[in-house]
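Below: one structure, written as structure tokens.
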Number of protein chains: 2
Amino acid sequence: MASPAPAPVRLPKNYQLILDIVQESGRGRHLTMNDVFAQTSARRPGIGYSTVYRGLVRLRELGMISEIVVPGAVSATYEPAAERHAHFRCTGCSAIEDVDYALPTRVLRRVADKSGFDIAAGTVTFEGLCRHCRAGVHTA
Amino acid sequence: MASPAPAPVRLPKNYQLILDIVQESGRGRHLTMNDVFAQTSARRPGIGYSTVYRGLVRLRELGMISEIVVPGAVSATYEPAAERHAHFRCTGCSAIEDVDYALPTRVLRRVADKSGFDIAAGTVTFEGLCRHCRAGVHTA
DNA sequence: AGCTTAGTGAAGATGACTTTCACTCTCACC
DNA sequence: GGTGAGAGTGAAAGTCATCTTCACTAAGCT
């Protein structure tokens, strides 16, 4: 939703680093907070977990990154802000992938009308087997 | 809807009680594990938390109840097995409600084709304000 | 320099979920 | 009516992501 509009916001350098890391991970990659912390630590040893945590919160508030919560996943993941899209979780290897699908606004509107709810957003998650796992790779 | 098909399975009485509680809660109600435990305790004081936990796991395995994980919700909720439908979470009061919507299988198929994933299911969650909260009821 | 606010790291708190362990109950089969 | 194997049980502790607290430091302003 938010156009990535190069914020006029001045970001503390730690937060900037976190943003860089999430953005460099690129579209389609999904980093958990632990992942982000690990990468951040590598580049700036000594940084605290709470700083990373707060950075992710802040960046999310600023609309620069998105927090993705996928049912069945152990933890939330973060990705650069992007067009609305769905996610897929592999029940074999737990990988999370982007899926190019978004609920038509027509559906949102219809559901809102029928239910009386004021619907702000809809999220879609698919699950199944990724290309690898369906090919027979058995995950213990 | 789904006739509760009086399972040929013999259910331990604690598990049966748990099933009763979830089913009595009825379509559209969503109980957390704590809720279920509370109600179970009321009817059979002394029952252990782990028994309720195991009961929910078992009943889910048997397909008699569904576990619903809604992004943003603090904990998972349970509901009687029913037709596929979506859920709505109120960002004001955190209530979870049923929504009569399911992704068309056509969508699942199309996404599967495009992505190469073997898609088993898709879940849809809406969020926004429920009738109460949109009416201005402020939830602390 | 002196003040104020934001940012920081370490550590601990919180709370849902899950597992372990030792004990008890059930029940098919004697 | 026994009885032994396996299922069920309750208490308690473990796991783990997430979030908060606290004492301190850095940065910006006057």
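In what follows, every heavy atom counts, from backbone to side chain, and hydrogens, waters and symmetry copies are set aside. Chain letters run A, B, ... following the sequence lines, proteins first, then strands; residues in each count from 1.
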Q | Global bending angle along the helix from C/dA1-D/dT30 to C/dC30-D/dG1, which compares the axes of five pairs at either end, to 10 degrees | A | 10°

Q) Quick one: hydrophobic cluster around B/Phe88, which other residues, with the 4.5 Å side-chain cut-off, linked directly or via members? A) A/Phe88, A/Val99, A/Tyr101, A/Leu103, A/Val107, A/Leu108, A/Val111, A/Phe117, A/Ile119, A/Val124, A/Phe126, B/Val99, B/Tyr101, B/Leu103, B/Val107, B/Leu108, B/Val111, B/Phe117, B/Ile119, B/Val124, B/Phe126

Q: Keeping to residues at least two apart or across chains, list the salt bridge (Lys or Arg N to Asp or Glu O under 4.0 Å) pairs with something in residues 57-77 of chain A.
A: A/Arg60-A/Glu67

Q: Summarise how protein sits on nucleotides 8-22 of chain D as a single string, 5' to 3': B when a protein heavy atom is under 4.0 Å from the base, S for sugar-phosphate-only contact, - for no contact.
A: SBBB-----SBBBB-

(Q) Going by salt bridge (Lys or Arg N to Asp or Glu O under 4.0 Å), name the pairs with one or both residues in residues 120-131 of chain A, residues two or more places apart or in two chains. (A) A/Arg89-A/Glu127

Q) Among all residues two or more places apart in sequence or in another chain, which pass the side-chain hydrogen bond (donor to acceptor under 3.5 Å, both in side chains) test with A/Gln23? A) none

Q | Pairs satisfying salt bridge (Lys or Arg N to Asp or Glu O under 4.0 Å), at least one member in residues 112-124 of chain A, at least two apart | A | A/Lys114-B/Asp100

(Q) I need the full list of salt bridge (Lys or Arg N to Asp or Glu O under 4.0 Å) pairs touching residues 38-55 of chain B, with sequence neighbours left out, sorted by first then second residue. (A) B/Glu24-B/Arg43

Q. Do B/Gln39 and B/Asp35 have a side chain donor and acceptor closer than 3.5 Å?
A. no

**Q.** Contacts of B/Asp98 that satisfy salt bridge (Lys or Arg N to Asp or Glu O under 4.0 Å) - sequence neighbours left out
**A.** B/Arg27

**Q.** With sequence neighbours excluded, residues passing side-chain hydrogen bond (donor to acceptor under 3.5 Å, both in side chains) with B/Asn34
**A.** none

**Q.** Which residues share a side-chain contact (heavy atoms from CB on, under 4.5 Å) with B/Ser75, sequence neighbours left out
**A.** B/Thr32

Q) When you list every nucleotide of DNA chain C with an atom under 4.0 Å from a heavy atom of chain A, which one comes first 5' to 3', and which comes last? A) C/dG7 to C/dA10

